[in-house]
Amino acid sequence: KEIQTAVQQIAQIQRGEAKPPSTVASATKMKTQTLAKISEVQKKLPKTSKAKLSAAEVKMLSESVRSVVDTNFGTHHENEALDLYEQRYGCEVRERNEGIYCWDFV
């Protein structure tokens, strides 16, 4: 249950219910704190506990936390980066990732 609480904020970001971190430093801090909490809880549990995650599960959870925070941070700040590029180099970025295209393969 404590691990669930530790990743709840990450899940809210993934579902769009919370904003991703505003800076690289805050994104790194969020990932570090979440993974530290998972590690702390794991160490407190007895080795025989059914609640204890396997090494593979911890690795998968850690990768998921990293992926959600990094992806949502990048997506949230992508237009700002493109605007900065345009200002810095004086070139207009003609296509941005504003549309979603669906390809129906049957």
Side-chain angles (χ1 to χ4, degrees):
K1 190 165 187 161
E2 288 183 60
I3 292 176
Q4 183 181 13
T5 302
V7 297
Q8 185 174 16
Q9 185 177 13
I10 305 298
Q12 289 173 335
I13 290 170
Q14 185 176 28
R15 292 188 305 261
E17 297 169 2
K19 286 187 175 182
S22 59
T23 65
V24 172
S26 61
T28 301
K29 182 178 178 182
M30 177 183 284
K31 290 184 291 189
T32 302
Q33 287 177 338
T34 302
L35 298 176
K37 182 65 175 175
I38 292 166
S39 178
E40 176 187 326
V41 169
Q42 285 287 99
K43 288 178 185 176
K44 289 180 183 178
L45 293 171
K47 290 182 181 182
T48 58
S49 173
K50 290 183 180 182
K52 193 165 185 120
L53 300 174
S54 69
E57 290 171 325
V58 170
K59 183 177 178 180
M60 185 173 62
L61 182 57
S62 299
E63 181 59 27
S64 295
V65 166
R66 185 206 59 77
S67 177
V68 168
V69 173
D70 290 351
T71 300
N72 284 283
F73 177 84
T75 301
H76 188 72
H77 296 286
E78 183 174 353
N79 282 333
E80 293 169 16
L82 293 174
D83 292 342
L84 182 61
Y85 177 88
E86 288 178 341
Q87 286 177 346
R88 185 173 289 168
Y89 297 103
C91 299
E92 180 184 356
V93 176
R94 295 187 299 156
E95 294 186 32
R96 296 178 182 230
N97 293 332
E98 294 170 347
I100 297 175
Y101 301 98
C102 295
W103 295 58
D104 294 325
F105 294 101
V106 184

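Starting from 1, each residue takes its place in the sequence as its number. Just so you know, these numbers use all the heavy atoms, side chains as well, and skip hydrogens, waters and symmetry mates.
Contact of the Asp70 side chain with the Lys31 side chain is registered, since non-hydrogen atoms from C-beta on lie closer than 4.5 Å. The closest side-chain heavy-atom distance from Ile38 to Ser62 is not below 4.5 Å.
Checked against Pro20 for a side-chain contact (heavy atoms from CB on, under 4.5 Å), the options Val68, Ile10, Ile13 give a single hit: Ile13. When each of Glu80, Glu86, Arg88 is checked for a side-chain contact (heavy atoms from CB on, under 4.5 Å) with Leu84, only Arg88 meets the rule.
For Ser67 (side chain) and Glu63 (main-chain N/O), no donor-acceptor pair under 3.5 Å exists by modelled atom type. Side-chain atoms of Thr34 come within 3.5 Å of backbone atoms of Met30 as a donor-acceptor pair (strictly under, hydrogens ignored).
Residues Tyr85 and Val93 approach most closely at CD2-CG2, 3.9 Å, considering heavy atoms.
Here Lys37 pairs with Glu40 in a salt bridge; the nearest charged N to carboxylate O distance falls below 4.0 Å.
The CD atom of Gln33 lies 10.5 Å from the OG atom of Ser26; values are rounded to the nearest 0.5 Å. The distance from the CZ atom of Arg66 to the CG atom of Leu61 is 12.5 Å, given to the nearest 0.5 Å. Taking OG of Ser22 as the reference point, atom NE2 of His77 lies at 6.0 Å (rounded to 0.5 Å).
In this structure, Phe73 is not a member of the same hydrophobic cluster as Leu82, with clusters built from ILVMFWY side-chain heavy atoms closer than 4.5 Å.
Environment of CD in Gln9: sparse, with no more than 12 heavy atoms of neighbouring residues, nucleotides or ligands closer than 6.0 Å.
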